[in-house]
Each structure stands twice: as structure tokens, then as C-alpha cells.
Amino acid sequence: MAIHRILEAPDPRLKVVSTPVETFDAELDTLIADMFETMYDAPGIGLAAVQIGVPKRVLVIDLQEAGEDGEPVRKPLVFVNPELFDPSEELRVYSEGCLSVPDQYADVERPSTIHVRYRDQSGNSHEAALDGLLATCLQHEMDHLEGILFIDHLSRMKREMVLKKLEKARRRAA
Ligand code: GNR
Ligand code: NI
């Protein structure tokens, strides 16, 4: 297993449309294990393969919500070749962040509930109905598979402000 470097905006590789997984093999197992390791290390609640430079339709999510004792409980989820359907008309606004746009947050409006059809790590098909943070996070991750970042949902002015702040933070760190 390995922790990978996460690509950051405005890296053009984040704009690539990811391609479906066709073989459920050991290489996929390694990719998924590396994605979890990279996501937990960051730390983040979701990661798309394209964020570590692999443009395949693979997502991992772990909201790590607090258990009874307040400690985060791991609940790793894997979505291969996910497809969204039946979004609610009702929308909700959430202040989103992204490991590829580090330390920048902005409100994004998305359907509050959604359904997903996907394959698991072994290639078996599943469907699920999602709400709350999981629905928001999955839609954010699905966007990555189409080469879309949460800042692409903002006005041009807000997007350029975020990108400018990001560049400035990077210059300070250099
Ligand atoms: O860690 C993450 N937090 C987050 C917060 C609000 C909405 C979406 C996310 S996903 C993000 C990790 C990430 O960049 N996934 O692509
Ligand atoms: Ni993201």
C-alpha cells in the first residue's frame, strides 16, 4: 500500500473524464487500498481515483461519523462505475471542501437525496438511496469522474477568487 500525492487545481489532469473499470483484479484492489490510505492520511471523507492521477471510475468514501463514545467510527465505502439517478427536487446547500482545492470552502447547492447504482470491489452490482452528507459527498465525487470540481459550481468571480487564494497560499508555503 502507498500514500499518493493528491493533484491540486488547476492541474489539467483533474479535468480528464474518467473511464469505466472493466476488470475486477488485483490491480483494482491495490488502487482501492491506496486510495483509502491516501484519503485517511489527508484526511478527507472521500476520494476519486483521478485525484491521485488514475482516471478510472472508482470512488472511496468514509464519513467517519462519531460513535457513541464520540470517537470516529470507520465505515469505508467503495463505488466502482457509479451512476446517479432519481435526484430529489429538494436541494440543500453545504459548505464543501476538496483535497484538490486545499483549505478552501464554499457553499454548493445539490439535490438533497439521490440514488446510486454501482459495482463493489468484486464487481457485484448494487443500488442504494442516499441522503445527508453521504448524498452530498457522493455527488461531489461523481463530479470528479467528469472532470468537474466544486469550484466549477461557483460564479466565475468566486471561482477565480478561490484559485487566487490557493495560488497565494502555495507561494507562501514554497
Ligand atoms: O474531505 C472532503 N470533504 C468534503 C466536505 C464537503 C463536501 C465534500 C467533501 S469531499 C472532500 C474530499 C474530496 O476532495 N473528495 O473528492
Ligand atoms: Ni474533491
Side-chain angles (χ1 to χ4, degrees), residues 3-20 32 35-36 38-65 72 75-118 128-173:
I3 293 168
H4 293 254
R5 205 157 42 80
I6 296 174
L7 302 181
E8 294 181 4
D11 193 310
R13 289 172 289 179
L14 288 167
K15 301 222 165 176
V16 169
V17 177
S18 296
T19 58
I32 289 168
M35 287 172 66
F36 275 116
T38 303
M39 180 186 76
Y40 289 131
D41 176 71
I45 60 170
L47 192 73
V50 70
Q51 291 179 277
I52 58 167
V54 181
K56 296 241 175 78
R57 301 184 84 82
V58 181
L59 309 175
V60 299
I61 292 179
D62 192 336
L63 304 181
Q64 295 188 71
E65 283 166 325
K75 196 176 161 204
L77 302 173
V78 177
F79 299 89
V80 180
N81 300 343
E83 291 171 42
L84 297 182
F85 61 101
D86 282 357
S88 58
E89 274 182 44
E90 189 198 1
L91 305 176
R92 82 158 186 158
V93 177
Y94 195 83
S95 178
E96 298 196 13
C98 181
L99 295 173
S100 296
V101 192
D103 303 318
Q104 311 299 321
Y105 299 87
D107 283 353
V108 177
E109 193 174 49
R110 303 183 186 272
S112 54
T113 68
I114 192 107
H115 294 250
V116 61
R117 189 175 302 118
Y118 64 99
L130 310 178
D131 61 12
L133 181 56
L134 184 53
T136 297
C137 185
L138 190 75
Q139 291 174 79
H140 171 115
E141 302 311 336
M142 281 299 297
D143 274 352
H144 278 297
L145 303 186
E146 301 302 320
I148 295 166
L149 299 175
F150 81 92
I151 55 174
D152 296 321
H153 291 284
L154 309 178
S155 69
R156 194 159 84 107
M157 198 176 81
K158 280 192 189 163
R159 181 170 51 255
E160 284 176 359
M161 207 164 70
V162 168
L163 287 170
K164 212 168 279 171
K165 277 204 249 170
L166 194 60
E167 194 194 326
K168 211 166 156 188
R170 216 157 15 222
R171 269 206 310 271
R172 264 199 307 272

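In this chain, numbering begins with 1 at the start of the sequence shown.
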Gap between atom [atom2] of [Y] and atom [atom1] of [X] - 0.5 Å precision:
X    : Y    : atom1 : atom2 : value
S100 : H144 : OG    : NE2   : 5.0 Å
L59  : I32  : CG    : CD1   : 10.0 Å
L14  : I148 : CG    : CD1   : 12.5 Å
I61  : L138 : CD1   : CG    : 4.5 Å
K56  : N81  : NZ    : CG    : 10.5 Å

List for me each residue that meets side-chain contact (heavy atoms from CB on, under 4.5 Å) alongside V17, sequence neighbours excluded, and say none if there are none. R57, E146
Sequence neighbours left out, what passes side-chain contact (heavy atoms from CB on, under 4.5 Å) with A135? Give chain and number order.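 Result, side-chain contact (heavy atoms from CB on, under 4.5 Å) vs A135: I114, L130, Q139.
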Which atom pairs, one a donor and one an acceptor, fall under 3.5 Å between side chains of residues 158-166 and the rest of the protein, sequence neighbours left out?
from, atom 1, to, atom 2, distance (Å)
R159, NH1, I151, O, 3.3
R159, NH1, L154, O, 3.1
E160, OE2, R156, NH1, 3.4

Output every pair passing salt bridge (Lys or Arg N to Asp or Glu O under 4.0 Å) with a member in residues 99-114, not counting sequence neighbours, ordered by first then second residue. E96-R110, R110-D143
According to salt bridge (Lys or Arg N to Asp or Glu O under 4.0 Å), does anything in residues 79-93 pair up with another residue at least two apart or in another chain? List the pairs. E83-R117
Residues two or more places apart in sequence or in another chain: which of them pass side chain to side chain donor-acceptor pair (under 3.5 Å) with R171? E167
Taking side chain to side chain donor-acceptor pair (under 3.5 Å) as the test, write out the residues that go with D152, two or more places apart.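 Partners of D152 under the side chain to side chain donor-acceptor pair (under 3.5 Å) test: none.
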Can you give each donor-acceptor pair under 3.5 Å made by side-chain atoms of residues 38-47, sequence neighbours left out, with the distance rounded to 0.1 Å?
from, atom 1, to, atom 2, distance (Å)
T38, OG1, H4, N, 2.9
T38, OG1, D34, O, 2.7
Y40, OH, D62, OD2, 2.5

If I compare all heavy atoms of [X] with all of [Y], which pair ends up nearest, and what's the gap?
X    : Y   : result
Y105 : S95 : CB-OG, 3.7 Å
E141 : A48 : OE1-N, 3.6 Å
M35  : A49 : CE-N, 3.3 Å
L145 : P82 : CD1-CG, 3.9 Å

Per the ring-ring contact (aromatic ring centres under 6.0 Å, His included) rule, what does the pair list look like for residues 76-98, sequence neighbours excluded?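 Residue pairs passing ring-ring contact (aromatic ring centres under 6.0 Å, His included), neighbours aside: F79-Y118, F85-H115.
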By salt bridge (charged side-chain N to carboxylate O under 4.0 Å, His left out), which residues pair with R5, not counting sequence neighbours? none
Below 4.5 Å, heavy atoms only, C-beta onward: do L84 and P111 meet side chain to side chain?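 A side-chain contact is absent here, since even the closest heavy-atom pair is not under 4.5 Å.
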